[in-house]
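This report refers to the structure that appears directly beneath it.
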Amino acid sequence: MAEREQKRRNAPSRTETVVEEEPAPPSPRGEKLKADLDDLLDEIDEVLEDNAEEFVRNYVQKGGQ
Amino acid sequence: MAIPKVCGIETEYGIHAAGPDANPVTASSVLVNAYASEVDRRTGWDFEDETPEKDARGYAREGAMPPMVETHLANTVLTNGARYYVDHAHPEYSTPECIDPLELVCHDKAGEEIIRRSMVAASNLPTSPVVIAYKNNSDGKGNSYGCHENYLMDRSVPFANVVAGVIPHFVTRQIFAGAGKVGTETTSFGGEQVRYQISQRAEFFEEMVGLETTLKRPIVNTRDEPHADPKRFRRLHVIVGDANLAEVATFLKVGTTSIVLAMIEDDMMPAKELTLADPVRAMHYVSADLSLSRALRAADGSTITALEIQWEIFAAARRYAKERGLDVIGDEAVGEMVLDRWEGVLHGLETDPSTLVQQIDWVAKRNLIEAYRDRHGCNWDDHRLAALDLQYHDLRPERSLFARLSMERLVSDEAVAEAVTEPPKRTRAWFRGRCLARWPNAVVTANWDSLVFDLGTDPLRRVPMMDPLKGTAEHTASLLEACENPTELLDRLSS
C-alpha cells in the first residue's frame, strides 16, 4: 500500500510526519498584508454590527436548494 | 467526444429584512421588483420548459421530493441574458450561459452588482424595510441555500460515467473552492468539535446520487432538465458548491470542473483509481480538516488525501490538455490559465495555505478571524466570530468584510459593469439579451431555450433556441441589425 501511495504522488508533497518548520522570513508583500489586516482590525468595530449576539441570532434563513 | 463547456451559476442569496413584520419572501420580491422597475424590465419567465422532476437516471426513487416550480413570485429576465427572481424565500440570480470560466466570473460578479443596485433601489422605495443580501450558503442554524453551477454535456455519455468521474472532484475541490465557516450546524460530525470548516455547504450532503436539492442533498444531482435539445445535450446541475466571493475561487471551481467534465466525455478521467469508499463522509472530513492531511479511505482499500486526489486530477488534466487541447473550455488561453492557477493553488495549499490569503475565500476568512481572535482573545464560540463570518458575505459595500481584504481580481470593474447589461457574445444568451434590449415590449416571456414574442397579432410566436451554441453574436448580429422590428425578425427566422 505504501508503494501504491508513493506511485500516486506525482507532485512534491509534504513529508508524512509533521515537522515544525522554521518560519520563513516575512516577505515585503506579507508585511504589507499584515499591516493592512492590522488597519482593518483597528477599524473593524465600526464596521461590525453593533450587537454581535443579536445580529447572529436574528440571521435566520428559510432553507433553500 | 467532449463538447464546449457552456456554463452558468445560479446563486440563492441570503436575505435579512429588519422590522417586526419582515418576511423573507416579501423582502426578496422587493429586491427583484425594485431592480426590475428601475431598469424597466417587464419580461417575465416562461415556465413551459420547467421539468425539475425528471431524473437523469431515467427514474425517480419512490418518496423522492422533486423541487416545486413556483410561478407566482417575482421573476424577470435581464438584457444581459440572466434570470433574476425569487426562489424558496431567497432572491436568486442565474447568470446567462457563458462560454468559458473567466467570462462566468465576470457574470457572477455582475450578479453581485445587480443585488447591490437592487438594495439601493429598494431603499429608495417609500415603505420598504431595510433589506440586506448576503452571498453565503447557510445561516449557521442548520438552514442552507445553494449556489449551483450548470455545465453543458454530451448526452451520449452514460450518466454512470459522469457520476463516477465527478465524485472524487466534488468531494475534494472544496480545498480551493470552499467559502469557509465558523463551527458546525448539522449532526454530520457526530458531536466532534469543529471550530472552523473549509466549506459552508459540505456538511449538508447526505447522499451520493439523487434528485433532491433541498432535503437529503446528494453529491451528484440527477435533475435532467437540459434546457436544450434533450437528444444531444445534458445539463449537469451541480449543487455541492459554496457561493464564492473570491474571483480566483470561482474561476477555479468552474474551470477545474469544466476540464473534469471534458475528460469524462473523452474517457480520460482517472475515475476508477480515485473512487472513495464513502464519498459523503469524506466530503465532511475534508471540510473539517484544516491541515489538509486527513487520509480518506479509497474503494480499493488504500488511503489518499484530498490534496493527493486533486494532484491526480490535475496531472490527468495536464495530460488531457497536451493530447486534446483545451478549446473545449471555451478558449485555449483560458484553459491554460486554469491549469496554471490550479497548480499554483495546490502548491500553496500544500506548502503554506496562508500564501493564498488573497485568492481563496476560506483562507481569507480564516486569516481575518484568527487575527481578530489574537487581538481580542476570544473563544471560538464568541458571537463576534460568527458575526465576522456573516459579514464577510454582506454585499453592502460599507459593511462587506470581503471588500476590505484586497483580494486578487481577475476581471475589471468596467467588464463587470458591462456584464450587468450586456450578454455574453458566444452563446445563445446573446440573442436573448439583445432581443430584450431592443424590443422589450414585444418579448412577453423568455426562458433558457426560447423567447415568446407578441407581435400584436394572434397568436404569440415562440422562437426556440435549443442549441446553447447558436444565437451567438457571430450568428445573429447582422440579422438583428438588419431588422427594423420584431415582425421582420420573426418573418426572416421562419423563412
Side-chain angles (χ1 to χ4, degrees), chain A, chain B residues 10 12 14-16 24-25 67 87-90 92 134 138-146 148 213-215 239 273 291 293 300-304 307-308 311-312 314-315 343 346-347 350-352 355 357-358 367-368 371-372 375 382-384 386-388 390-391 398-399 401 404-406:
Chain A
M1 200 169 86
E3 194 182 293
R4 167 88 197 260
E5 276 175 37
Q6 292 265 315
K7 211 164 55 187
R8 278 190 162 170
R9 292 162 186 250
N10 44 31
S13 63
R14 91 180 82 230
T15 48
E16 287 299 328
T17 49
V18 179
V19 183
E20 283 297 325
E21 282 178 32
E22 288 288 316
S27 63
R29 189 171 146 271
E31 289 288 290
K32 168 87 169 59
L33 281 175
K34 195 172 172 313
D36 288 349
L37 190 58
D38 275 340
D39 289 347
L40 174 55
L41 289 176
D42 287 340
E43 60 187 47
I44 204 165
D45 290 327
E46 289 161 34
V47 183
L48 278 188
E49 298 288 344
D50 294 335
N51 185 334
E53 186 174 355
E54 193 181 297
F55 167 57
V56 169
R57 192 178 54 233
N58 286 345
Y59 187 79
V60 182
Q61 301 291 301
K62 289 220 193 274
Q65 298 193 352
Chain B
E10 31 185 294
E12 287 184 321
I15 187 142
H16 181 74
V25 180
D87 195 15
H88 296 276
H90 297 271
E92 176 157 342
Y134 296 81
S138 91
D139 64 358
K141 300 167 187 70
N143 302 308
S144 182
Y145 33 99
H148 300 174
T213 53
T214 56
L215 291 162
I239 69 168
E273 304 89 297
S291 72
S293 62
D300 66 6
S302 66
T303 60
I304 188 163
L307 249 174
E308 287 165 347
W311 276 122
E312 287 289 337
F314 170 75
E343 182 170 32
L346 293 183
H347 183 72
E350 189 163 68
T351 50
D352 179 6
T355 56
V357 72
Q358 289 175 295
N367 189 52
L368 175 67
Y372 191 89
R375 181 172 289 205
D382 193 305
H383 294 293
R384 287 174 293 176
L388 282 173
L390 257 179
Q391 255 186 271
E398 71 280 11
R399 292 284 186 176
L401 296 181
R404 286 163 188 260
L405 292 174
S406 357

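- Contact check on A:E43 versus B:R404 returns a salt bridge, with a Lys/Arg side-chain nitrogen under 4.0 Å from an Asp/Glu carboxylate oxygen.
- By number of non-hydrogen pairs under 4.5 angstrom with chain B, the leading residue of A:L37, A:L40, A:L48 is A:L48.
- Nearest heavy-atom pair across B:A387 and A:V56 is N-CG2, 3.5 Å.
- Using a 4.5 Å cut-off between heavy atoms, A:N51 makes no contact with chain B at all.
- Interface remark: B:I15 contributes backbone and side-chain atoms alike to the contact with chain A (heavy atom separation under 4.5 Å).
- Taking 4.5 Å as the limit, some side-chain heavy atom of B:R399 sits within range of a side-chain heavy atom of A:E49.
- Looking at B:H16, its side chain never comes within 3.5 Å of a backbone N or O of A:F55 through a donor-acceptor pair.
- Relative orientation of the B:Y134 and A:Y59 rings is perpendicular, given thresholds of 30° and 60° on the angle between their planes.
- Contact annotation for B:S406: only side-chain heavy atoms (C-beta onward) come within less than 4.5 Å of a heavy atom of chain A.
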Verdict with supporting geometry, B:R375 and A:D42, salt bridge (Lys or Arg N to Asp or Glu O under 4.0 Å): CA-CA 10 Å; B:R375 181 172 289 205; A:D42 287 340; 2.6 Å; yes
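- For B:V357, the part lying under 4.5 angstrom from a heavy atom of chain A is the side chain only.
- Interface check for chain A: of the options B:K141, B:R384, B:E10, the most heavy-atom pairs under 4.5 Å are formed by B:K141.
- None of A:E54, A:R57, A:E53 except one satisfies the side chain to side chain contact (heavy atoms under 4.5 Å, CB included) rule with B:H383; the exception is A:E53.
- Using a 4.5 Å cut-off between heavy atoms, A:D38 contacts chain B through both its backbone and its side chain.
- In this structure a side-chain-to-backbone donor-acceptor pair under 3.5 Å is present from B:N143 to A:Q61.
- Using a 4.5 Å cut-off between heavy atoms, B:I239 makes no contact with chain A at all.
- Heavy atoms of other residues, nucleotides or ligands lying less than 6.0 angstrom from CD of B:E398 number more than 12.
- Looking at heavy atoms from C-beta onward, A:I44 lies in side-chain contact with B:L368 at the 4.5 angstrom threshold.
- Looking at A:D45, the atoms closer than 4.5 Å to chain B (heavy atoms on both sides) all sit in the side chain, from C-beta outward.
- Looking at B:N367, the atoms closer than 4.5 Å to chain A (heavy atoms on both sides) sit in the backbone and in the side chain alike.
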